[in-house]
J.: 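Take this structure, written in structure tokens, and hold onto it; I'll ask about it next.
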Amino acid sequence: MKKSIYILNGPNLNLLGAREPDIYGSETLADVERRCAARAKTHGFDIRFHQSNHEGQLVDWIHEARSNGLGIIINAGAFTHTSVALHDALKAADVPAIEVHLSNVFKREAFRHHSHISGAVSGIILGFGVTSYELAVDGLVEILKGK
Ligand code: DQA
């Protein structure tokens, strides 16, 4: 089986496009998936794109990426700011990971300024809207090609 880049999305990102469009924009998660698949394809990579509102499901996908994936791009949504479990799963993943956010969390409420997962990833991209994901694909590919 060909290994893929795992792109994981956390809580409330299923509402992208409808949810606070002034902050997150009007594109849907399906649009994000299309953009990421196209970007990955230009580099010769496939993606597996998932979203869940449940922390444990995200942990399970990180474990899956450990054996079936080349790397992980993760927008953990609000779990970014709360989840030691996602930190531990990413630490154990043994594949490179990139943390992504649509918004510039540092311009927002103080509770968004701390990330539990930043210490477990290779890089962080935030504040570029949906383009953050495409930049993350480029960045992860750079890491993978350098390996
Ligand atoms: C987010 C930022 C988080 O603080 C927030 O809880 C989200 C989305 C972003 O992509 O900007 O759900 O991860």
Side-chain angles (χ1 to χ4, degrees), residues 3-43 45-66 68-144:
K3 290 193 171 183
S4 310
I5 292 171
Y6 275 64
I7 304 183
L8 306 179
N9 296 277
N12 300 306
L13 288 164
N14 52 312
L15 299 179
L16 206 59
R19 169 197 186 203
E20 301 183 88
D22 45 318
I23 297 173
Y24 298 117
S26 55
E27 287 182 84
T28 66
L29 200 61
D31 295 327
V32 177
E33 180 172 4
R34 264 192 295 278
R35 282 225 228 167
C36 288
R39 192 63 156 245
K41 199 172 167 196
T42 65
H43 297 294
F45 290 93
D46 292 330
I47 64 164
R48 293 198 192 184
F49 194 93
H50 296 298
Q51 187 275 331
S52 178
N53 295 323
H54 304 278
E55 187 177 12
Q57 176 63 76
L58 293 163
V59 170
D60 287 344
W61 282 326
I62 293 169
H63 292 179
E64 192 183 301
R66 195 172 180 271
N68 296 339
L70 293 166
I72 298 166
I73 292 168
I74 182 164
N75 183 351
F79 291 148
T80 304
H81 317 298
T82 62
S83 179
V84 176
L86 287 179
H87 169 99
D88 289 351
L90 287 164
K91 274 276 191 191
D94 284 339
V95 291
I98 307 284
E99 175 183 350
V100 161
H101 300 285
L102 295 149
S103 63
N104 177 355
V105 289
F106 297 105
K107 272 176 81 178
R108 302 181 63 196
E109 303 95 323
F111 64 81
R112 296 183 203 278
H113 296 181
H114 178 72
S115 166
H116 277 293
I117 65 174
S118 296
V121 296
S122 300
I124 305 163
I125 297 175
L126 57 89
F128 294 91
V130 175
T131 303
S132 290
Y133 283 79
E134 294 176 308
L135 295 170
V137 169
D138 290 346
L140 183 60
V141 166
E142 280 295 309
I143 292 170
L144 293 173

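Start at 1 and go down the list; that is how both ligands and their atoms are numbered.
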J.: Give a yes or no answer on whether the side chain of H87 reaches the backbone of I117 with a donor-acceptor pair at less than 3.5 Å.
T.: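 Between the backbone of I117 and the side chain of H87 there is no qualifying donor-acceptor contact (under 3.5 Å).
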J.: I'd like to know if N75 contacts ligand 1, where contact means a heavy-atom distance under 4.0 Å to any ligand atom.
T.: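 The answer is yes: ligand 1 sits under 4.0 Å from a heavy atom of N75.
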J.: What is the nearest protein non-hydrogen atom to atom 11 (O) of ligand 1, stated with its residue, atom name and distance?
T.: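 I find the closest protein heavy atom is S103 OG, 2.6 Å.
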J.: With respect to A78, determine whether any N or O atom, backbone or side chain, lies less than 3.5 Å from an N or O atom of ligand 1.
T.: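 Between A78 and ligand 1, an N or O pair is found under 3.5 Å apart.
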J.: Got a second to check how far L29's CG is from N14's CG, nearest 0.5 Å?
T.: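 It comes to 7.5 Å.
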J.: Does Q57 offer a backbone N or O that forms a donor-acceptor pair with the side chain of D60 under 3.5 Å?
T.: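 No, because the side chain of D60 does not come within donor-acceptor range (under 3.5 Å) of the backbone of Q57.
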J.: Show me which atoms of ligand 1 lie under 4.0 Å from any heavy atom of H81.
T.: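 Answer for ligand 1: 3 (C), 4 (O).
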J.: Considering only heavy atoms of Y24, which atoms of ligand 1 have at least one such atom less than 4.0 Å away?
T.: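 So the answer, numbered in order with elements, is 5 (C), 7 (C), 8 (C), 9 (C), 11 (O).
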J.: For the side chain of H113 and the backbone of R108, is there at least one donor-acceptor N/O pair under 3.5 Å apart?
T.: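 It does hold such a pair.
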J.: Please list the nearest protein heavy atom to atom 5 (C) of ligand 1 with its residue and the distance rounded to 0.1 Å.
T.: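 Looking at atom 5 (C) of ligand 1, the protein heavy atom closest to it is R112 NH1, 3.3 Å.
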J.: In terms of residue, atom name and distance, what is the protein heavy atom nearest to atom 1 (C) of ligand 1?
T.: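 The closest one turns out to be H101 ND1, 3.7 Å.
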J.: Examine the proximity of ligand 1 to V105 and report which part, side chain or backbone, both or neither, has a heavy atom under 4.0 Å away.
T.: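 It is the side chain that gets close, since no backbone atom is under 4.0 Å.
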J.: Would you name the heavy atoms of I47 and A40 that are closest together and state the gap between them?
T.: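 So the two residues come closest at CG2-CB, 3.6 Å.
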J.: With atoms numbered from 1 as shown, which atoms in ligand 1 lie under 4.0 angstrom from a non-hydrogen atom of L102?
T.: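 The list of qualifying atoms is 9 (C), 10 (O), 11 (O).
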J.: Please verify whether a non-hydrogen atom of N12 lies at under 4.0 Å from ligand 1.
T.: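 Checking ligand 1 against N12, which is what was asked, there is no heavy-atom contact under 4.0 Å.
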J.: Checking the side chain of N9 only, and the main-chain atoms of S52 only, is there a donor and an acceptor separated by less than 3.5 Å?
T.: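 Side chain of N9 to backbone of S52, a donor-acceptor pair under 3.5 Å: no, none is there.
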J.: Is it true that D88 and K91 make a salt bridge, defined as a side-chain N closer than 4.0 Å to a carboxylate O?
T.: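 A salt bridge is absent here (no side-chain N lies under 4.0 Å from a carboxylate O).
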J.: Hey, can you tell me if Y6 and H50 have their rings parallel, tilted or perpendicular (30° and 60° cut-offs)?
T.: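 Tilted, since the angle between the ring planes falls between 30° and 60°.
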J.: Would you say R19 touches ligand 1, if touching means a heavy atom closer than 4.0 Å?
T.: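 Yes, R19 has a heavy atom closer than 4.0 Å to ligand 1.
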